[in-house]
Engineer: 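This is the structure, below, for whatever I ask next.
In what follows, chains are A, B, ... by sequence order, proteins preceding strands, each numbered from 1.
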Number of protein chains: 2
Amino acid sequence: MSLTHALLGLLAVRPSSGYELTRSFEGDLGRYAWQAGHTSIYPELTKLAERGLVEVAHEGARGSRTYAITTEGRAELREWLMAPPRGGRVRNEQVLRMFLISALDPKDALVLLRGIAGHTGERAGELRAIRVETDDVPFTSPEGFGLLAAEYGIRQYDAVHSWALWAIERLEKELDRSRT
Amino acid sequence: MSLTHALLGLLAVRPSSGYELTRSFEGDLGRYAWQAGHTSIYPELTKLAERGLVEVAHEGARGSRTYAITTEGRAELREWLMAPPRGGRVRNEQVLRMFLISALDPKDALVLLRGIAGHTGERAGELRAIRVETDDVPFTSPEGFGLLAAEYGIRQYDAVHSWALWAIERLEKELDRSRT
DNA sequence: TGTTGCATGTAATTCGTTACATGATTCG
DNA sequence: CGAATCATGTAACGAATTACATGCAACA
């Protein structure tokens with residue numbers, strides 16, 4: 001289960017409460033990589049604490065517990081990250097949609113592809129605008145996280161954008177050919 | 001649940017048995033978009049048949065049932081595909097790994113990023129080689145599926161490749177700066 | 001005739017989500 | 001003092017995986 005390692009990763013950057021971790025998953029992390037609600041996070045933190053990978057560093061107001069990663073936790077995270085990625089289960093609805101486009105009739109497919117091309121072009125532009133502002137943030141700081149995410153997102157959107165344009169061109173050519 | 005629509009999409013391209021559908025998920029579809037084992041597929045086909053979205057078109061040897069999509073099934077698939085993609089839950093272990101790299105110490109991060117750059121470069125090359133051979137397959141044929149997949153994969157690997165190179169350069173610069 | 005591949009299924013367990021539920025603090 | 005936010009939890013349900021299980025057919 002990758003939630004384990006997502007939490008270890010977040011706690012490796014800085015100690016956090018379950019509540020703060022929950023909000024982390026609502027940002028770029030959840031947008032591009034992994035989602036989790038508080039109902040999975042709190043029990044998982046308890047399990048991690050039992051395994052000695054994290055510990056309660058501080059108890060604050062309103063019953064909040066700030067967790068910190070332990071040395072063993074860091075070792076576990078490192079091992080997982082450095083190991084060759086085993087066949088992870090991919091489950092991406094967006095990508096599924098793209099694959100299924102060839103099951104549509106060509107006219108519908110064109111409409112859809114044009115929508116995708118427009119949408120991804122816009123998003124890539126938005127991210128590029130953000131990037132300019134955060135140019136000098138060091139990589140290894142807590143903000144380095146968002147930096148990696150933004151760059152990744154830009155390239156991701158660009159990739160889908162160029163793919164959609166390629167598919168549109170190819171489809172239009174085929175429609176032309178079949179019309180004559 | 002997207003398994004529903006993945007099955008409808010596959011059956012829209014050609015009628016298939018549960019066994020054949022299972023194997024479809026082991027190919028490019030499962031690699032990039034959506035995975036499913038036969039233990040989810042068979043019950044789901046039964047449900048789809050009850051809802052009238054698919055029907056048993058043919059019963060063959062060894063108890064095999066070939067399912068075909070119905071008109072209602074096609075309508076359902078089309079509606080789902082053409083509707084604006086609602087906030088789909090992303091859950092990509094590969095991407096998660098990339099995000100968590102900033103939690104590693106810089107030396108480990110460099111090793112990992114170099115591995116990723118190498119790996120994605122290779123894969124993109126492999127896919128490009130395949131593409132040359134299947135250049136004239138029409139889009140709307142059953143093979144169009146794989147075509148879309150291959151093109152998507154190439155752009156995907158290229159994107160990650162370029163991202164990894166960017167991250168390596170940035171990290172090396174930072175290590176230089178901190179060394180002096 | 002024994003192994004591989006085709007073809008389908010059930011049962012137990014795990015995982016995650018949704019809905020429900022509570023209480024403290026801050027801010028206007 | 002009422003609303004929003006912080007902060008955590010439980011219970012029920014649904015979906016998906018793993019393990020278990022069966023049987024036919026082709027082929028060497």
Side-chain angles (χ1 to χ4, degrees), chain A residues 1-8 10-11 14-27 29-31 33-51 54-68 86-93 96, chain B residues 1-8 10-11 14-27 29-31 33-51 54-68 86-93 96:
Chain A
M1 217 200 356
S2 304
L3 175 58
T4 307
H5 298 101
L7 292 175
L8 287 175
L10 289 167
L11 293 176
R14 82 182 114 203
S16 313
S17 67
Y19 188 79
E20 289 168 324
L21 291 167
T22 302
R23 283 186 314 177
S24 299
F25 282 98
E26 286 160 12
L29 184 67
R31 185 176 189 75
W34 206 267
Q35 267 170 296
H38 76 278
T39 50
S40 349
I41 292 169
Y42 289 117
E44 184 65 28
L45 284 171
T46 307
K47 271 192 229 162
L48 286 171
E50 277 164 14
R51 290 173 58 195
V54 304
E55 61 189 5
V56 177
H58 178 70
E59 307 214 350
R62 278 170 276 189
S64 87
R65 287 182 293 282
T66 300
Y67 287 88
R86 31 160 229 75
R89 45 213 37 37
V90 175
R91 192 151 279 188
N92 191 326
E93 191 181 298
L96 176 63
Chain B
M1 219 199 357
S2 305
L3 175 58
T4 307
H5 299 101
L7 292 175
L8 287 176
L10 289 167
L11 292 176
R14 82 183 113 203
S16 312
S17 67
Y19 188 81
E20 288 167 325
L21 291 167
T22 302
R23 282 185 314 177
S24 298
F25 283 97
E26 287 161 11
L29 185 68
R31 185 177 190 74
W34 207 266
Q35 267 171 295
H38 77 278
T39 50
S40 349
I41 292 169
Y42 288 118
E44 184 64 28
L45 284 170
T46 307
K47 273 191 230 164
L48 285 171
E50 278 164 14
R51 290 174 57 195
V54 304
E55 61 188 8
V56 176
H58 178 72
E59 306 213 354
R62 278 169 278 189
S64 88
R65 286 182 295 281
T66 300
Y67 288 88
R86 33 162 227 74
R89 41 209 45 34
V90 175
R91 194 151 277 187
N92 191 324
E93 191 180 300
L96 177 62

Engineer: Using atom CD of B:E26 as one end and atom P of C:dC6 as the other, report the distance to the nearest whole Å.
Structural biologist: 10 Å
Engineer: Report yes if the side chains of A:L21 and A:L45 come closer than 4.5 Å at any heavy-atom pair, otherwise no.
Structural biologist: yes
Engineer: Could you state the CG-P distance from B:L45 to C:dT10, rounded to the nearest angstrom?
Structural biologist: 13 Å
Engineer: Rounded to whole angstrom units, what separation is found between the NE2 atom of B:H5 and the C1' atom of D:dA15?
Structural biologist: 16 Å
Engineer: State which of C:dT17, D:dT8, D:dT17 makes the closest approach to the side chain of A:Y19.
Structural biologist: D:dT8
Engineer: Quick one: is C:dC6 close enough that its OP1 or OP2 comes under 4.0 Å of any side-chain N or O from B:R23?
Structural biologist: yes
Engineer: Quick one: label A:T39 by what it contacts on the DNA or RNA (base, sugar-phosphate, nothing), any heavy atom closer than 4.0 Å.
Structural biologist: base
Engineer: Rounding to an integer number of Å, can you tell me how far A:I41 CD1 sits from C:dG16 P?
Structural biologist: 11 Å
Engineer: Looking at A:S16 and A:R14, would you say the former's side chain and the latter's main chain have a donor-acceptor pair under 3.5 Å?
Structural biologist: yes
Engineer: Once you apply a heavy-atom cut-off of 4.0 Å, does B:S64 come out as touching a base, just sugar-phosphate, or nothing?
Structural biologist: sugar-phosphate
Engineer: Measure from CD on A:E44 to P on D:dG9 and round the result to the nearest Å.
Structural biologist: 14 Å
Engineer: Between A:L3 (CG) and C:dC15 (P), how many Å, whole number?
Structural biologist: 10 Å
Engineer: Could you list all N or O pairs between the protein and nucleotides 21-27 of chain C that sit under 3.5 Å apart?
Structural biologist:
none

Engineer: If you take all heavy atoms of B:H38 and B:P43, which pair is closest and at what distance?
Structural biologist: O-CD, 4.2 Å
Engineer: Measure the distance from NZ on B:K47 to P on D:dA16 and round it to the nearest whole Å.
Structural biologist: 8 Å
Engineer: For the pair made of CD in A:Q35 and P in C:dT17, what is the distance, rounded to whole Å?
Structural biologist: 7 Å
Engineer: Think A:R91 has a side-chain N or O under 4.0 angstrom from the OP1 or OP2 of D:dT17?
Structural biologist: yes
Engineer: Do any N or O atoms from the side chain of A:S17 and from the backbone of A:E20 form a donor-acceptor pair under 3.5 angstrom?
Structural biologist: yes
Engineer: Any side-chain heavy atom of B:E44 sitting closer than 4.5 Å to one from B:I41?
Structural biologist: no
Engineer: When you get a sec, tell me which of D:dG9, C:dC6, C:dG16 is the closest nucleotide to the side chain of A:Y42?
Structural biologist: D:dG9
Engineer: Can you tell me how far CD of B:Q35 sits from CG of B:L29, rounded to the nearest 0.5 angstrom?
Structural biologist: 9.5 Å
Engineer: Looking at D:dC6, I'd like to know if its phosphate oxygens (OP1 or OP2) sit under 4.0 Å from a side-chain N or O belonging to A:R65.
Structural biologist: no
Engineer: At under 4.0 Å, does any side-chain N or O of A:S40 touch on OP1 or OP2 of C:dT17?
Structural biologist: yes
Engineer: Between A:L3 and A:K47, is there a side-chain heavy-atom distance shorter than 4.5 Å?
Structural biologist: no
